[in-house]
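As structure tokens, the structure follows; a few thoughts come after it.
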Amino acid sequence: MARSVESIRRAALGTLGAVLVLVGVALLVLPGPGLLLVFAGVVLLARAVPALDRFVAPVREQAMRAAEESVSSPWRVAGSVLVGLFLVGAGVVWGLVPRVPYSGWATGASLIISGCVLFALLVWSHRRVRAARRRSPSTSG
């Protein structure tokens with residue numbers, strides 16, 4: 001019984017990890033937190049398949065560097081906020097206006113959720129960078 005529960009857990013982690021990696025790869029060229037989703041997917045895949053654990057550290061390093069770069073200047077933050085607002089606005093339009101292609105709340109909700117995820121990751125990245133900057137002077141002195 002415990003063996004089948006472990007198999008189900010590993011299959012679920014592997015499936016969710018693979019989906020996150022695929023969505024993250026798509027978001028590398030689309031607006032969104034691509035590398036962070038790839039990192040989350042690789043972590044889940046490594047929990048399902050321990051042989052993949054060696055890929056976690058390099059992907060984590062790249063994802064954290066991308067998160068820091070996304071809030072490295074006020075212009076980048078402003079651009080990210082504008083993209084998030086555009087996604088939320090487009091989601092509302094797609095949900096309310098029946099004449100747009102693929103209209104409906106399924107498309108609209110996915111755009112709104114994408115905007116909200118972008119905002120959440122932007123706040124997370126900003127807090128992380130700000131905390132690292134506060135720690136930095138105390139360690140160098």
Do [X] and [Y] belong together in a cluster built from hydrophobic side chains that touch within less than 4.5 Å?
X	Y	result
Val93	Val83	yes
Leu121	Leu82	no
Phe39	Trp124	yes

For the CG atom of Leu87 and the OG atom of Ser110, what is their distance to the nearest 0.5 Å? 9.5 Å
Interatomic distance, OG@Ser125 vs CE@Met64, rounded to 0.5 Å, equals 8.0 Å
Identify the heavy atoms of Ser103 and Pro98 that sit nearest to each other, and give their distance.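 Reported closest heavy-atom pair: OG-O, 3.1 Å.
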Heavy-atom pair with the smallest gap, counting every atom of Tyr102 and Trp94: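 The answer is O-CD1, 3.5 Å.
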Applying salt bridge (charged side-chain N to carboxylate O under 4.0 Å, His left out) as the test, list every pair that has at least one member in residues 9-23; sequence neighbours left out.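 For residues 9-23: Glu6-Arg9.
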Not counting sequence neighbours, list each pair that qualifies as a salt bridge (charged side-chain N to carboxylate O under 4.0 Å, His left out) and has a residue in residues 109-131. Glu68-Arg128
Residues two or more places apart in sequence or in another chain: which of them pass salt bridge (charged side-chain N to carboxylate O under 4.0 Å, His left out) with Arg65?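 Here the qualifying residues are Glu61.
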In the hydrophobic clustering that connects Ile, Leu, Val, Met, Phe, Trp and Tyr at side-chain heavy-atom distances below 4.5 Å, which members other than [X] occupy its cluster, ordered by chain and number?
X	answer
Trp75	none
Val92	Leu96, Trp105, Ile112
Val129	Val71, Val77, Val81, Leu85, Val88, Phe119, Leu122

Could you tell me which residues satisfy side-chain contact (heavy atoms from CB on, under 4.5 Å) with Ala40, sequence neighbours excluded, listed by chain and number?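 Only Leu20 meet the side-chain contact (heavy atoms from CB on, under 4.5 Å) criterion with Ala40.
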Output a table of donor-acceptor pairs, distance under 3.5 Å, between side-chain atoms of residues 42-59 and any protein atom two or more places apart or on a different chain; print 'none' if there are none.
none

Do Ile113 and Cys116 touch side chain to side chain, with heavy atoms closer than 4.5 Å?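 No. Closest side-chain heavy atoms not under 4.5 Å.
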